[in-house]
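Note that the coordinates shown come from a computational prediction; the quantities given were computed from them, not determined experimentally. These values consider heavy atoms only, across backbone and side chains, with no hydrogens, waters or symmetry-generated copies.
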Amino acid sequence: MKTHSFLAILSLLSITLPLAIASDPSPLQDFCIGVNTPTDGVFVNGKFCKDPELATADDFFFSGLDMARNTESSPVGSNVTAVNVNQIPGLNTLGISLVRIDYGVNGQNPPHTHPRATEILVVQEGTLFVGFVSSFPENRLFNKTLNKGDVFVFPEGLIHFQSNVGKTPAVAFAALSSQNPGVILIANTVFGSKPPIDPNVLARTFQLDPKVIMDLQTKFGS
């Protein structure tokens, strides 16, 4: 709903509220193909815009999501193939992207969050146990077992996960409401930061012995 329409409705209902509304601006052109050089470009949403006269169909194209990815070399047994503005430069300013996720048997996409996007996931093959946790202080877990064709939504910014609970490899596709949604892997971020967080801080946070924290930092910081 447009901002002016929303304000008009409030006026008709004689509602007086302190109001603040914010949203990403709508693009003012058909597209803004991202390039990494500033030559004759305009900087928009983290990318320089390519001259529209030089745009081609390949700026809006990506191939290969039909191919299974290797999950055996991953410590968590999954492989995420991102298709965002870095793979399709024509996505710049369009506010959408895609991922393919391959899960080995017992593989998982561990707890993580996307700071700039809501995610909607559909299972193509296999059985996944998925969930997200609401914000503090409720910390409520919403979880579901998904089979082929099932869909689940992970709200923007909330910690979520997927785990393959079937007896065969699984595949899912997910759309995200940002051209560059970002990802924060909880364990990797907390225990693998550079430079590392003071172990005493994390020991108090997680109520663990500092030696356990240092062992985790060694594992995730390598």
Would you say [X] and [Y] are hydrophobically clustered, going by side-chain heavy atoms of ILVMFWY under 4.5 Å?
X: Ile120; Y: Phe129; value: no
X: Leu176; Y: Val85; value: no
X: Phe142; Y: Leu121; value: yes
X: Phe206; Y: Ile197; value: yes
X: Leu208; Y: Phe220; value: yes

Tell me whether [X] contacts the main-chain N or O of [Y] through its side chain, where contact means a donor paired with an acceptor under 3.5 Å.
X: Ser134; Y: Arg140; answer: yes
X: Gln87; Y: Asn84; answer: yes
X: Ser178; Y: Ala117; answer: no
X: Asn164; Y: Thr168; answer: yes
X: His114; Y: Gly157; answer: no
X: Glu72; Y: Gly104; answer: no
X: Arg69; Y: Met67; answer: yes
X: Asp59; Y: Gly90; answer: no
X: Asn92; Y: Pro89; answer: no
X: Ser78; Y: Gln108; answer: yes

Check your understanding: How many angstroms lie between atom OG1 of Thr189 and atom CZ of Phe191, to the nearest 0.5 angstrom?
Key ->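 Taking OG1 in Thr189 and CZ in Phe191, the distance rounds to 10.5 Å.
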**Study point:** Minimum-distance pair of heavy atoms, taken over all atoms of Pro210 and Asn200
**Key:** CG-OD1, 3.8 Å
Note, [X] side chain near [Y] side chain (heavy atom, < 4.5 Å):
X: Arg116; Y: Gln179; result: no
X: Asn109; Y: Tyr103; result: yes
X: Thr118; Y: Ser177; result: yes
X: Thr205; Y: Val190; result: no

Exercise for review: Might you work through the side-chain contact (heavy atoms from CB on, under 4.5 Å) test for Leu158 and Val133, ending with a clear yes or no?
Suggested key: CA-CA 6 Å; Leu158 296 186; Val133 180; over 6 Å; no
Review point. What do the steps show when you test Val130 against Val123 for side-chain contact (heavy atoms from CB on, under 4.5 Å), and what is the final call?
Key: CA-CA 11 Å; Val130 308; Val123 178; over 6 Å; no
Practice item. Classify the angle between the aromatic ring planes of Phe154 and His160 as parallel (below 30°), tilted (30 to 60°) or perpendicular (above 60°). Key: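 Ring orientation, 0 to 90° scale: parallel.
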Check your understanding: Does Lys148 come within less than 4.0 Å of Glu125, counting only side-chain N to carboxylate O?
Key -> yes
Practice item. Could you walk me through whether Lys144 and Asp150 pass side-chain contact (heavy atoms from CB on, under 4.5 Å), step by step? Key: CA-CA 10 Å; Lys144 196 81 172 174; Asp150 290 342; over 6 Å; no
**Study point:** Check against side-chain contact (heavy atoms from CB on, under 4.5 Å), Phe152 and Leu128
**Key:** CA-CA 11 Å; Phe152 199 80; Leu128 298 178; over 6 Å; no
Review point. Hey, are Thr127 and Asn147 close enough side-chain-wise for a donor-acceptor pair under 3.5 Å?
Key: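 The criterion, which ignores hydrogens and geometry beyond distance, is satisfied for Thr127 and Asn147.
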